[in-house]
Amino acid sequence: MRNRFLTRIPNGFDLPRRIARLGELAYNLWWTWNPEAERLFRELDNELWERVGHNPIRLLRTIERAALNAAALRPDYLARYEGVFKSYDGYMTTSESWAERQGLQEHLIAYFSMEYGFHEMLPIYSGGLGVLAGDHLKEASDLGLNFVGVGFLYSEGYFTQRISEDGWQEAINQPLDVASLPMLLVRDENGEPRKFSVEFPDHPVWLQIWEVRVGRVPLYLLDANLDANAPEDRLLTARLYWSDLERRIRQEILLGIGGVRALRLLGYQPSTWHMNEGHAAFLTLECVREKMAQGLSFEEAAAQVRQSSVFTTHTPVPAGNDEFPLWLIEKHLANFWPALGLTRDQFMDLARHQQAWGETFSMGILALRFSAKRNAVSELHGRVSRRMWHFLWPELKEEEVPITYVTNGVHIATWMGRRMRLLLDEVLGEDWIERQDDPTLWEKLEDLSPARLWEVRLHLKRRLVFYLRERVRERWRAGGFHPVQVVASGVLLNPYALTIGFARRFATYKRANLLLRDIDRLLYLINRPNMPVQIIFAGKAHPADEPGKQLIQQIYRQVKRAETAGRLVFVEDYDINLARYLVQGVDLWLNTPRRPMEASGTSGMKAALNGVLNCSVLDGWWREAYNGRNGWAVGDDQDYASPEAQDDADARSLYALLESEIIPLYYERDGRDVPQEWLERVKESMRSIIPTFNTRRMVKEYLHHLYLPAEPEYQM
Ligand SMILES: *Cc1c(COP(=O)(O)O)cnc(C)c1O
């Protein structure tokens, strides 16, 4: 496999010779999904590892020399060091990756996303869309695909969340210390940063490019935080999802048009262009412009661009797609349409959307029109999308609308707890992760002893509880924390009680408060003698989402009540690190979206692969995964006429399930205190869910159905 990276890793760490390659490992995210590699860093100084936010570059820069010297003398450490680098070198240099065996290495795929969630040290994601993009790149690397990602380096990252005593979310934005992030600036032969500009009608915005190594895959992050730019322009890549439309459209122009220019500058000629959501849709117009500059007509160029473009939609409501008033398009793109040989009106027609309140330019429509391959992210979401966009294909029947679906998956190596992975190594054989998408492999779970499985489950839950206590300890020590918040953050959690997790973005459709609809019934359920139940909430609301923040407050006010006995908990600052602890440590993962708003959802898949059971509305992925024996379904497989009616019905269904099925099953124990029946469900959940709802299956489907050339069925 050829080295695809354009930057050189500095040997800036002064490390003992025997362990000098730790510095190299720190610059490749590969270590984040290889637990043995992570241990090499953590073991050097466990407390420092926590203090530096699991960032190995910061660790290696600040650690005491004595700790490094001690590790370099320990035979067990050195043996594991050798083992890790043997797998790392094998991974990076193999010529036998899956893609190479399939003869796919010539087909370059460029993937564009507004956000990427790889790891907590790199806060350039806000939620599921970003985590999906991160998992997609990791899997592309594992499969050996010829793949390149494009996104933004947000100079302030996503915000840190604090909850006031009264339950109000406070957003803290701080500049990232870019020099200690695992990325390097792309430079020219003279060592100068490579820069390029995107022209707005009044002035250019300059961008520089950072390279992140995601295993074998390079990711390029655009960055406008340059002296050459006006202060207002530098802000364009400061934060995710500005709510100010003017900043938002400029961001999207930088991502789409700037992203194509960055790839060209770096010498990339992709065969497939994948837009993860409509934010990047301007990339199609830049590709059309390029082809017209080489002499093609607009129609010819557009037809070619369609053939190589793939669009994944993630939102089931029209309002979820970015749309801009026409005057904003005019203000920022008036210098662009002449290059396409179009008039203002013709340009607006490319994505004109007639709304009740006027006309807009819809990024969703632009993406749909300029990609021959389009997909939703679950079977139900496919149906909803075909209905939603039917008006663009009035001559077709709804079921013929050319939007297919690829159900989301998760990257197993990233999300599975280490102890669970070791247990599966024993049961399935050490190479199981290479065969993860083979359902027959998972039949072997039959042989897994419930007692061993229970041991791992208890271990993962204790880890969660102790971790949360340490978090509260640090928070309390830092000051400004009211004593009741100490309780509200989980210090009274019992590592042996049935523990329910609810953690995700606090968008109102996710109905975090559904469980609170009948608060007296809930208090009764969690406080029954010999059957304690505890519920852990976590999640951020977008800073401009007032109803989302009110939802957090509503929950926080209940969490603080003495009647909960400390069994309702809200943990601040949900991120990938906390997500990992939660999806591994709780017993039951709860998801209560207002159907069909959850296009897919992925956190429940992360839970399932750790032996956690799902209890969820039949929406998104769960509607496909649920088989009656591998978890629980809240409500029925139907849509409701009114949200009120749906909330009522779903809340009733949820309380009844908890009271008469879930809680009793969990506390039904054999003579050795093992919940045999519960664990039967866990095994059935792992057997039926893991081989399908992973990124291996998902990325292979993208390849076969969307990335590789096949005759387009429809043209627009
Ligand atoms: C997986 C994940 C999500 C997505 O969760 P859903 O419940 O699918 O919305 C959001 N945020 C983080 C940090 C995650 O790890």
Pair Ser653-Asp650, side-chain hydrogen bond (donor to acceptor under 3.5 Å, both in side chains): steps then yes or no: CA-CA 5 Å; Ser653 161; Asp650 287 349; 5.8 Å; no

No-hydrogen, no-angle side-chain donor-acceptor test under 3.5 Å, [X] and [Y]:
X      : Y      : value
Arg463 : Tyr467 : no
Glu165 : Tyr556 : no
Ser113 : Asn276 : yes
Ser603 : Trp589 : yes

Tyr626, Trp622, Tyr666, Trp678 screened by ring-ring contact (aromatic ring centres under 6.0 Å, His included) with Trp632, the one that passes: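 Result: among Tyr626, Trp622, Tyr666, Trp678, Trp678 is the only option passing the ring-ring contact (aromatic ring centres under 6.0 Å, His included) with Trp632.
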
Any Lys/Arg nitrogen of [X] or [Y] sitting under 4.0 Å from an Asp/Glu carboxylate oxygen of the other?
X      : Y      : value
Asp518 : Arg652 : no
Arg475 : Glu572 : yes
Arg681 : Glu684 : no
Arg517 : Asp648 : yes
Asp166 : Arg557 : yes

Hey, what do you get for [atom1] ([X]) to [atom2] ([Y]), rounding to the nearest 0.5 Å?
X      : Y      : atom1 : atom2 : value
Gln676 : Asp670 : CD    : CG    : 4.5 Å
Asn614 : Asn630 : CG    : CG    : 8.0 Å
Trp242 : Arg248 : CH2   : CZ    : 11.5 Å
Ser616 : Asn591 : OG    : CG    : 4.0 Å

Min side-chain heavy-atom separation Leu522-Tyr655 under 4.5 Å: yes

Residue pair Arg421 / Leu424, side-chain heavy-atom distance below 4.5 Å: no

Full working for side chain to side chain contact (heavy atoms under 4.5 Å, CB included) between Thr499 and Ile536: CA-CA 7 Å; Thr499 305; Ile536 305 175; 3.8 Å; yes

Candidate pair Trp49 and Asn55, rule side-chain hydrogen bond (donor to acceptor under 3.5 Å, both in side chains), full reasoning: CA-CA 7 Å; Trp49 182 242; Asn55 178 334; over 6 Å; no

Verdict with reasoning, Phe537 to Phe570, per ring pair (Phe, Tyr, Trp, His ring centres under 6.0 Å): CA-CA 5 Å; Phe537 292 94; Phe570 189 100; 7.1 Å; no

Glu546 atom CD, neighbour heavy-atom count above 12 within 6.0 Å: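 Yes, enclosed.
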
Arg672, CZ atom: more than 12 neighbouring heavy atoms under 6.0 Å: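 Result for CZ/Arg672: open.
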
Asp573 vs Arg162, salt bridge (Lys or Arg N to Asp or Glu O under 4.0 Å): CA-CA, chis, key distance, verdict: CA-CA 7 Å; Asp573 205 30; Arg162 288 271 179 272; 5.4 Å; no

Check against side-chain hydrogen bond (donor to acceptor under 3.5 Å, both in side chains), Lys138 and Thr695: CA-CA 9 Å; Lys138 289 171 183 170; Thr695 42; over 6 Å; no

Evaluation steps, salt bridge (Lys or Arg N to Asp or Glu O under 4.0 Å), between Glu426 and Arg452: CA-CA 11 Å; Glu426 282 176 39; Arg452 299 285 316 279; 3.1 Å; yes

Residue pair Arg477, Glu474: steps toward the salt bridge (Lys or Arg N to Asp or Glu O under 4.0 Å) verdict: CA-CA 5 Å; Arg477 177 149 64 186; Glu474 288 310 313; 2.8 Å; yes

side-chain hydrogen bond (donor to acceptor under 3.5 Å, both in side chains) assessment of Asn408 paired with Trp621: CA-CA 7 Å; Asn408 285 166; Trp621 79 282; over 6 Å; no

Side chain to side chain contact (heavy atoms under 4.5 Å, CB included), paired with Tyr667, selected from Asn530, Leu498, Ile662: Leu498

Centroid-centroid distance, Trp476 to Phe481, less than 6.0 Å: no

Ring centers of Tyr116, Tyr125 separated by less than 6.0 Å: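 Distance test on ring centres: not under 6.0 Å, no.
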
Phe466 six-ring centre to Arg462 NZ/CZ under 6.0 Å and within 45° of normal: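 Output no; distance or angle outside limits.
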
Cation-pi, Tyr158 ring and Lys540 (6.0 angstrom, 45 degrees): no

Side-chain donor/acceptor of Glu50 to backbone N/O of Glu47, under 3.5 Å: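 The answer is no, because no donor-acceptor pair under 3.5 Å joins these two groups.
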
Salt bridge (Lys or Arg N to Asp or Glu O under 4.0 Å) evaluation trace for Arg80 with Glu36: CA-CA 8 Å; Arg80 275 182 292 108; Glu36 294 306 321; 5.0 Å; no

